[in-house]
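So you know, we letter chains A, B, ... as the sequences are listed, proteins then strands, and number each from 1.
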Amino acid sequence: MAEEKLTPQAENFSEWYNQIVQKADLADYAPVRGCMVVKPYGWALWENIQAALDRRFKATGHVNAAFPMLIPMSFLEKEKEHVEGFSPELAVVTHGGGEKLEEPLVVRPTSETIIGYMYSKWVKSYRDLPILINQWGSVVRWEMRTRLFLRTAEFYWQEGHTVHATSDEAMAETRLMLDTYRDFAVEDGAVPVIPGRKSESEKFAGAVSSWTIEGMMRDTRALQSGTSHYFGQNFARAFDIKFLDQNNELQFAYTTSWGLSTRFVGAIIMTHGDDQGLMLPPRLAPIQVVIVPIYRDDAEHSLVMPVVERLQKELGESFRVHVDLRDGLTPGFKFNDWEMRGVPLRIEVGPKDVEKHSVALARRDRPGKAGKSFVPQEGLAQTVGETLKEIQAALLARAIAFRDEHIFAVRSYADLTDAVQKGWALAWWCGSPECEAKVKEDTKATTRCIPLDQESGDGLCVVCGKPAREKIYFARAY
RNA sequence: CGGGGUGUGGCUCAGUUGGCAGAGCACCGCGUUUGGGACGCGGGGGUCGGCGGUUCAAGUCCGCCCACCCCGACCA
């Protein structure tokens with residue numbers, strides 16, 4: 001049950017986040033450092049995220065499978081950049097059945113290697129391609145500093161791994177999945193992410209190019225919310241994934257991978273939450289409508305409950321509905337409690353409502369009395385459906401407005417350093433890692449992505465002044 | 001691994017010159033309450049991070065160790 005008062009965002013955003021995760025009953029700290037326990041309410045949110053993504057994966061021809069959690073150490077060493085990228089954060093199993101193992105096994109930090117190995121056995125002919133497999137699971141990365149959902153030692157995610165006959169096809173897949181993530185984030189999460197390409201220094205270990213959706217949190221910091229990688233033939237060469245083409249010539253295949261994790265829960269929390277608590281987008285909320293019965297005594301109880309039960313049944317046909325039957329708590333407490341948990345819509349049913357054939361309808365996105373209205377019980381399902389749609393749209397509109405207010409198109413280095421203190425900077429960039437490094441050194445801001453959506457043209461690099469062909473976002477990131 | 005800090009009930013913490021381990025919240029019971037975070041009474045719960053030392057006596061003083069948090073380097 002939620003305790004009173006949350007630290008305000010403006011006072012300490014980080015503290016606000018830590019408190020909300022626990023007070024909204026999403027997750028708890030596990031006994032192992034950096035690991036989290038996802039509690040039922042948090043997991044229900046993740047399940048809705050999974051369902052929304054899985055539906056899109058299936059619709060684009062992908063299938064699910066499961067690969068093992070343990071990977072021979074030697075596999076990681078087959079791709080040079082990959083092992084360099086991951087070796088510092090590997091958890092390694094050295095013993096099994098009471099004996100020291102011949103070869104240590106790593107707990108997967110990601111599955112390119114084990115899946116690549118299997119694909120090399122499965123792929124013989126162009127007729128075997130493409131392979132479009134996704135897996136839902138968890139991975140382990142021994143991170144130095146952890147935060148619930150944002151960076152935990154073990155996290156849950158999906159990782160798609162595909163194999164293609166041509167680079168064009170593999171690149172199209174990479175871009176298709178990036179767009180799938182964008183569509184999911186915007187339409188279901190109401191998180192207005194910006195899709196784009198990572199710079200060389202920010203890309204995934206072993207990738208030819210990495211693509212990302214970047215979201216702006218309410219403290220204006222950026223959160224990488226999903227990634228899609230094009231590997232070219234790098235992993236195919238490392239794992240010997242070859243096929244005979246139509247001309248009977250042996251070719252290395254082209255591979256991709258793409259992932260979105262429980263970090264997205266953090267994105268939802270930090271995109272929509274306010275000082276009252278969580279604010280969940282209706283399409284993903286585990287509970288879309290909570291009904292709070294209000295009564296003083298047994299007489300009022302028996303007056304109110306039949307109406308509550310009828311509404312629960314009617315609304316339950318179309319929406320995820322919960323009735324708060326907890327005894328001994330005042331309505332006021334329950335209102336605050338459900339606001340903390342981010343339930344989009346609350347219905348109050350008391351004796352006065354029974355008499356007037358109405359209910360009180362309270363919107364989470366308009367806290368307090370402002371969001372409360374009295375509507376007829378007649379046609380309530382339709383009212384609820386329309387209101388949930390309005391809330392979903394309102395959350396997105398609010399997040400877009402916040403994002404756009406905090407993006408600054410900058411032309412000078414002074415403007416850049418100023419902008420990244422209060423939001424994101426969008427600027428011409430020549431493409432050199434030295435210019436990125438200087439900004440990071442001076443401001444702690446990193447390049448987030450080269451947005452897909454930018455007008456063609458050229459300008460001068462905001463750092464060094466040399467000619468630049470692309471604009472890039474600089475921001476402080478999680 | 002560098003710099004700083006903290007370890008006392010489930011949580012947040014108090015604990016004076018060393019002298020019977022406490023409060024608030026949470027939890028359990030009973031009663032009164034209930035349309036924006038109710039109240040009264042009663043109750044359960046702690047090897048004071050660990051080991052060793054000083055002392056008649058250690059949460060408190062000393063030594064060593066461990067864990068966690070914050071700031072850096074690394075990261076979905």
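Remark: the A:Lys334 side chain and the B:G37 base include no donor-acceptor N/O pair separated by less than 3.5 Å. For B:G37, its base never sits under 3.5 Å from the side chain of A:Asp337 at any donor and acceptor pair. Applying the 3.5 Å distance criterion, the base of B:G35 shares no donor-acceptor pair with the side chain of A:Arg296.
Take the nearest nucleotide of RNA chain B for A:Lys352 and for A:Gln224: the residue whose nucleotide is more 5' is A:Lys352. Of the two residues contacting RNA chain B, namely A:Gln276 and A:Thr227, the nearest-nucleotide position lying further toward the 5' end is that of A:Gln276.
Rounding to whole angstrom units, CG of residue A:Leu178 and P of B:A76 are separated by 16 Å. The distance between atom CG of A:Asp324 and atom C1' of B:G37, rounded to the nearest whole Å, is 14 Å. Rounded to an integer number of Å, the gap from CG of A:Asp28 to P of B:C68 is 16 Å. Across the protein-nucleic acid pair, A:Asn18 atom CG and B:U12 atom P stand 12 Å apart, rounded to whole Å. Rounded to an integer number of Å, the gap from A:Gln22 CD to B:C69 P is 12 Å. When the C1' atom of B:C1 is taken as reference, atom CH2 of A:Trp142 falls 17 Å away, rounded to whole Å. Rounding to whole angstrom units, CG of residue A:Leu329 and P of B:C39 are separated by 13 Å. In this structure, NZ of A:Lys372 is placed 6 Å from C1' of B:G35, rounded to the nearest angstrom.
When distances are taken from the side chain of A:Phe333 to each of B:U34, B:A76, B:G37, the shortest belongs to B:G37. Listed candidates were B:A76, B:U34, B:G36. Nearest to the side chain of A:Asn336 is B:G36. When distances are taken from the side chain of A:Arg141 to each of B:G36, B:A76, B:G37, the shortest belongs to B:A76. Of all nucleotides listed (B:C74, B:G35, B:G36), B:G35 comes nearest to the side chain of A:Phe374. When distances run from any side-chain atom of A:Asp353 to the nucleotides B:G36, B:A76, B:G35, the shortest one goes to B:G35. Ranking B:A76, B:C74, B:G35 by closeness to the A:Lys440 side chain, first place goes to B:C74.
In this structure, A:Asn48 contributes its side chain and A:Leu45 its backbone to no donor-acceptor pair below 3.5 Å.
A 3.5 Å limit on both hydrogen-bonding distances identifies B:U6 as the Watson-Crick or G-U partner of B:A67. Here B:U16 sits opposite no nucleotide as a Watson-Crick or G-U wobble pair (both hydrogen-bonding atom distances under 3.5 Å). Under the Watson-Crick and G-U wobble criteria, each requiring two contacts below 3.5 Å, nucleotide B:A38 is paired to B:U32. Under the Watson-Crick or G-U wobble criterion, with both distances below 3.5 Å, B:A73 is left unpaired in every strand shown. Using the Watson-Crick or G-U wobble rule with both distances under 3.5 Å, B:G52 pairs with B:C62. Using the Watson-Crick or G-U wobble rule with both distances under 3.5 Å, B:A26 pairs with nothing in any strand shown.
Contacts of A:Thr152 with the nucleic acid, taken as non-hydrogen atoms under 4.0 Å apart, include base atoms. Residue-level contact check: A:Arg346 touches the bases, meaning some heavy atom is under 4.0 Å from a base atom. Residue contacts shown for A:Leu150 include a base, since a base heavy atom lies under 4.0 Å away. Residue contacts shown for A:Gly350 include a base, since a base heavy atom lies under 4.0 Å away.
Using P as the reference atom, B:G22 and B:U16 are 14 Å apart when rounded to the nearest Å. Of the C1' atoms belonging to B:G19 and B:C39, the separation is 38 Å, rounded to the nearest Å. Distance check on atom P: B:G59 versus B:G50 gives 11 Å, rounded to whole Å. B:C68 sits 15 Å from B:U8 when the C1' atoms are compared, rounded to a whole Å. Taking the C1' atoms as reference points, B:C64 lies 15 Å from B:U54, given to the whole Å. Between the C1' atoms of B:C25 and B:A67, the separation comes to 26 Å (whole Å). Rounded to a whole angstrom, the distance from the P atom of B:U34 to that of B:A38 is 12 Å. B:G9 sits 8 Å from B:G49 when the P atoms are compared, rounded to a whole Å.
Between A:Arg263 and A:Leu223 the shortest side-chain heavy-atom distance falls below 4.5 Å. Within the 4.5 Å cutoff, the side chain of A:Asp365 has no heavy atoms near those of the A:His272 side chain.
A side chain to side chain contact (heavy atoms under 4.5 Å, CB included) with A:Tyr230 holds for exactly one of A:Leu178, A:Val208, A:Thr255; it is A:Val208. A:Ser210 pairs with exactly one of A:Glu202, A:His229, A:Lys198 by the side chain to side chain donor-acceptor pair (under 3.5 Å) rule, that one being A:His229.
In this structure, A:Arg56 forms no cation-pi arrangement with A:Trp258, as its terminal cationic atom is not both closer than 6.0 Å to the ring centre and no more than 45° off the ring axis.
The heavy-atom pair separating A:Phe239 from A:Phe75 by the smallest distance is CZ-O, 3.4 Å.
Residue A:Lys444 places at least one side-chain N or O closer than 4.0 Å to OP1 or OP2 of B:G72. For B:C25, the OP1/OP2 oxygens have no side-chain nitrogen or oxygen of A:Lys23 closer than 4.0 Å. At the phosphate of B:A38, OP1 or OP2 sits under 4.0 Å from a side-chain N or O atom of A:Thr330.
Annotation: A:Asp297, atom CG; neighbour count of heavy atoms from other residues, nucleotides and ligands within 6.0 Å is above 12.
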